[in-house]
Undergrad: 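Structure below; questions to follow.
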Amino acid sequence: MAEDAPDYLGHRARLRDRFLNGGGKSMADYELLELLLTYAIPRRDVKPIAKDIVRKFGSLAGAAKASVPQLVEVNGVKENTAVLLKVIQEAARRFSWAELSATDAPIISNWDAMIDYCRTEMSHLDIEEFRIIFLDVKFRVIGEEVMQRGTINQVAIHPREVVKMAMEKKASALILVHNHPSGDVKPSRADVEITKQIKQALEAINISLLDHIIISKYDYASLKSLQVI
């Protein structure tokens, strides 16, 4: 008598059908992760593993941002599974950057894509990172650069370095972006001061500072909207 198929095989088929019929929009993070894990772990019920990963890292995005050593700390996660999640992270980063940069439209007409990209890149970092998005004369994205990575709550930025990089990139305008690992996107006194210093330094060479964005896991703030610049 043939053995009955494991219960999880039917569950996998139902998960796959739900994704095919709805595109995954109605699925919880752990369910999307569970479906992904079925391709990395073919002969095991992966639902408990998916739930453990989301519990540990908070979300599917948080899991993708985690390091391979952090991921393999979860029971049932091997290096191949961790690498698959890192591939998903890199693919998401590239999709987001392509949507932002592969267009002739000015950045102001694609602002949501810019915020999405910054969140993809920076929202789950546990240290502060300061980067610059370079724009041409029509405010189209022409590149980016990570200028500094700092401690949990501080980065050291020098206006002259920002000016130097802007000139090397032949930029006509810039957007500054940094993250607050604490989750609070309210600009600090230091954030306001360095923004004003950079704006003044750029004006001396006729380069515009379009905005300074502060990113966290769940929110963002625009210093331009706050009338700091």
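The residues of the chain are indexed from 1 along the displayed sequence. In this text the structure is predicted, and so the values were computed from the model without any measurement.
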Undergrad: Using a 3.5 Å distance criterion without hydrogens, assess whether the side chain of Asp211 forms a donor-acceptor pair with backbone atoms of Ile213.
TA: no

Undergrad: Examine distances only and state if a side-chain atom of Thr38 and a backbone atom of Leu35 form a donor-acceptor pair shorter than 3.5 Å.
TA: yes

Undergrad: Kindly say whether Ile49 contributes a backbone atom to a donor-acceptor pair with the side chain of Asp52 at under 3.5 angstrom?
TA: no

Undergrad: Test side-chain contact (heavy atoms from CB on, under 4.5 Å) on Leu33 and Leu85; report intermediate values, then the result.
TA: CA-CA 9 Å; Leu33 182 54; Leu85 286 169; 3.6 Å; yes

Undergrad: Between the main-chain N or O of Val46 and the side-chain N or O of Lys51, is there a donor-acceptor pair closer than 3.5 Å?
TA: no

Undergrad: Arg119: which residues meet the salt bridge (Lys or Arg N to Asp or Glu O under 4.0 Å) condition with it, sequence neighbours left out?
TA: none

Undergrad: Are Phe134 and Leu174 side-chain neighbours, meaning at least one heavy-atom pair lies under 4.5 Å?
TA: yes

Undergrad: For the residue pair Ile194 and Pro159, establish whether any side-chain heavy-atom pair is separated by less than 4.5 Å.
TA: yes

Undergrad: Examine distances only and state if a side-chain atom of Lys170 and a backbone atom of Asp136 form a donor-acceptor pair shorter than 3.5 Å.
TA: no

Undergrad: Between Ile157 and Gln148, which heavy-atom pair has the shortest distance, and what is it?
TA: CD1-CG, 3.2 Å

Undergrad: Might you confirm whether atom CG of Asp112 has over 12 heavy atoms from other residues, nucleotides or ligands at distances under 6.0 Å?
TA: no

Undergrad: Regarding Glu90 and Arg94, does a basic nitrogen lie under 4.0 Å from an acidic carboxylate oxygen?
TA: yes

Undergrad: Is Gln227 atom CD crowded by more than 12 heavy atoms from other residues, nucleotides or ligands, each under 6.0 Å away?
TA: no

Undergrad: Residues in side chain to side chain donor-acceptor pair (under 3.5 Å) with Glu145, at least two apart?
TA: none

Undergrad: Are there more than 12 heavy atoms of other residues, nucleotides or ligands under 6.0 Å from atom CG of Asn80?
TA: no

Undergrad: Measure the shortest side-chain to side-chain distance between Leu135 and Val141 over non-hydrogen atoms and say whether it is less than 4.5 angstrom.
TA: yes

Undergrad: Tyr117 vs Trp97 aromatic rings, parallel, tilted or perpendicular, using cut-offs 30° and 60°?
TA: tilted

Undergrad: Scan His178, Lys186, Lys196 and name whichever one has a side chain to side chain donor-acceptor pair (under 3.5 Å) with Asp191.
TA: His178

Undergrad: Return yes if some donor-acceptor pair links the side-chain N/O of Lys86 with the main-chain N/O of Ala64 below 3.5 Å, else return no.
TA: yes

Undergrad: Does anything in residues 158-167 form a side chain to side chain donor-acceptor pair (under 3.5 Å)? List the pairs, not counting sequence neighbours.
TA: none

Undergrad: Does a sphere of radius 6.0 Å around CD in Glu168 hold more than 12 heavy atoms from other residues, nucleotides or ligands, not counting ones at 6.0 Å or beyond?
TA: yes

Undergrad: Would you say Val54 and Leu60 make side-chain contact, with heavy atoms under 4.5 Å?
TA: no

Undergrad: Might you point out which heavy atoms bring His212 and Val177 nearest each other, and give the distance in Å?
TA: CD2-N, 4.3 Å

